[in-house]
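Here, residue 1 is the first one in the sequence, and each next residue gets the next number. Predicted, not measured: the structure shown is a model, and the values here were computed from it. In what follows, every heavy atom counts, from backbone to side chain, and hydrogens, waters and symmetry copies are set aside.
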Amino acid sequence: MSAGADTSPGPDAEDSGEGPGPGSSYRDNQQRVDQGFAIMGEVTGDLTVMFGAPSDGDVSEHIRKPRLREGPYPADDVRDRLLGFVEPPTYVQCRKALDSHILLLRADTGTGASTAAFALLAERYGADGITGLDSPDDLSRWRPKEARGYLLQGLTPGAADLLGEVVLTELASLLRRSGAHLVVTLRTETALPGDTLSWQVAHRPPPSAEVALKRLSTMTEAGELSTGQEADALRHLDAPDFVGHLGAHPLPGDGVAVAEGLRDLVLTGKSAASLLADLRTGSPAAARKALAEARDRADRISLMAAISLLPDQDRTVVERFSAILRPHIDGRGGAAPAVAVGPGHGEGAMARHDLLGPAFEDRLAAVGARLLPPQYGAAQRYPVQPVDFSGRHRADALLRSLWLEYEGMAGLLWKSLDESPHQPGVELAAGEAIGRVLAHATGPDTLRQLHPFAASDKRWRRRLVANALGEMVQHPALTGAVREQLRQWSRAAPVALRCTVAETCGGSYGLARPAAALKLLDTVLDKPGEKLEVPLRTAVSFALSALLFEDANCAPVLDLLREWQRAGPGTPRHGLAVHAVESMSRASFPLPSAPGVRRVSLADLLADHTGRILDLVVAALDDPATHEAMASCLDRIESDPGPRHRTAFPHFLAALSGTARGHRGVMRFVLRRHRARSGSPAEGFAS
């Protein structure tokens, strides 16, 4: 089996089970979009991961870093969370309670309890010493493994019922012996046994005015504001209108919103009155009022829905989706409004439909939205002019109200998405927006409505679902439901559903739960009598490349590839391993023509993960399907001074030759190398 090209069908093209035909490699290195072609490549960044040379499709594989994790939190993530942190009034009490090694922190949503928990643990273990636990974990069975700070966010009611004085006393003893501490956050209304009171603290948020003050100071330290601009912002912050606003909006997020608004105010000259108006339009009440005022205007409702569902998209994308949605909404009511014409526009004047309609910017102003300045970046070949609401959080509030409170509107939005031609980035923007909405939904249809797109033969629709699930799983109440849904789809017969599982593992879900993601990827390939179809191979390869982006995942990924290498020939697992080994031996895995986040070559892995890669190299040399590709790659590394030095190849070769006696493929490689050197002793060969 050859490595072949991991084909990446255009987002609107049907996924094919056949590989590229002769002479088609250039064609399949392209992603089809409505106009032109997007050439696939690789770009990486600190906070987000994107692949693709400057192209339309970069944002299609954009991956957000997760907010909740199962496993170690990267130090940079922790430091970012604590930027501008203000100690809450209960912080001293929390610190004292944590001296017992366990803190149960009760809090309402949005009060900053998670940030306080990170700060408490970072005080004791540093930014790189915090490990996340999965919310469904049964703490009575959990055991600390090392001296770290452990954080479980969002204890479920079922797990809370299992806690009690006996369980917590035993757990505290285990934590003490391990030198570890545990913080558990849970909703205020979650019931706990009465004998756990000594471990509980009721969190109270820091005043939003103090949060705004600290955030402005942090902006100045970071160089976002000058000292004079900070002073101007502080004068506005002390004004009665802003004092009153923060008094009525006491959550930390409200303070952050005011600080960011004041930064924009002093930088752009925006008026204080318009800033206050923008701050007030993001509430659920304001969203319901806006929809109620537009209830007889399909044009306004469709435009508000488009802006909410497709944040940060270009105006042409918003206009097109609004135009597709409008007739569906119009069909729910009567005829379109008529325009009176003629002298006086009075009674008896002839009425005609407005065939032109208002200009786009006038329509935006009518729904409280605006065009942002054009953006020119390395990720696109043309300028993009996003559309956004004037008020912070208004898009989320509007979409949530429209989706959850009005009969049939969710179905119309799904229908319009289904009818829309693919635009790069829609799968990310719409997927995350839908995920945020469904995090507030209830009932069995919450996840069921994702099924049609999850079972689609178009990759962009499957990635939309993956992005939605990645957002939903950030909410502890839905973690168990999302995990069970992925488990069911991973065993489903339709390949498309298993592709969706793999795409989900290749996103924030996989980065947050790498161990669970690798188990799911193993399951989607668990079809012994099935041919490894190209879409599934592409999706699994992409997921593995996303996991490889974080170095902590490299060892388990290599271990899994080694297991698949040793699976029975002809199975999907073996086929994926053969493809991966041949790709990294001949170029990179994933191949440059295929979707990928981090591309690795065998030389990269030899340099960075010598111990783990040895076992995979041995398995590949022992497998007739990959022996030649692996042997040729090792020869190339040895003959090139750069890779030879970087990989410390003589030391690796010595370790490899030490396994030759029990592995025929390794012995074959060592003997061939020995003969190629005209009978001279092979450097590094263990005789």
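- Taking the side chain as every heavy atom from C-beta outward, Lys458 and Arg463 never approach each other to under 4.5 Å.
- Between Trp460 and His422, the ring planes are tilted. Angles from 30° to 60° get that label.
- Shortest non-hydrogen contact noted between Gly596 and Phe542 is N-CD1, 3.6 Å.
- Closest non-hydrogen pair, Leu372 versus Gln385, comes out as O-CG, 3.0 Å.
- Of all heavy-atom pairs spanning Leu525 and Pro572, the tightest one is O-CB, 3.4 Å.
- For the side chain to side chain contact (heavy atoms under 4.5 Å, CB included) with Leu576, the qualifying choice from Val524, Leu521, Leu536, Leu544 is Leu544, the only one to do so.
- Nearest heavy atom pair, residue Asn467 against residue Glu427, reads ND2-O, 3.1 Å.
- Within the model, atoms CD of Gln485 and CG of Leu478 stand 12.0 Å from one another, a figure rounded to the nearest 0.5 Å.
- The distance from atom CG of Leu606 to atom CG of Leu614, rounded to the nearest 0.5 Å, is 9.0 Å.
- Ala496 and Ala455 get closest at one heavy-atom pair: CB-O, 3.6 Å.
- Formation of a donor-acceptor pair under 3.5 Å by the Arg498 side chain with backbone atoms of Ala493 is found in this model.
- Note that OG of Ser456 and NE2 of His451 are 11.5 Å apart. Values are rounded to the nearest 0.5 Å.
- Residue Thr500 holds its OG1 atom at 10.5 Å from CZ of Arg459, rounded to the nearest 0.5 Å.
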Are Leu634 and Leu656 close enough, and set up right, to give a side-chain contact (heavy atoms from CB on, under 4.5 Å), and what steps lead you there?
CA-CA 11 Å; Leu634 293 175; Leu656 178 64; 4.1 Å; yes
Just do the side-chain contact (heavy atoms from CB on, under 4.5 Å) check on Tyr73 and Leu68 with the steps written out, would you?
CA-CA 9 Å; Tyr73 280 89; Leu68 274 68; 4.3 Å; yes
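- Side-chain contact of Asp604 with Ser601: a donor-acceptor pair under 3.5 Å is present, judged by distance alone.
- The two residues Ala607 and Thr647 come nearest to each other via the heavy atoms N-CG2, 4.1 Å.
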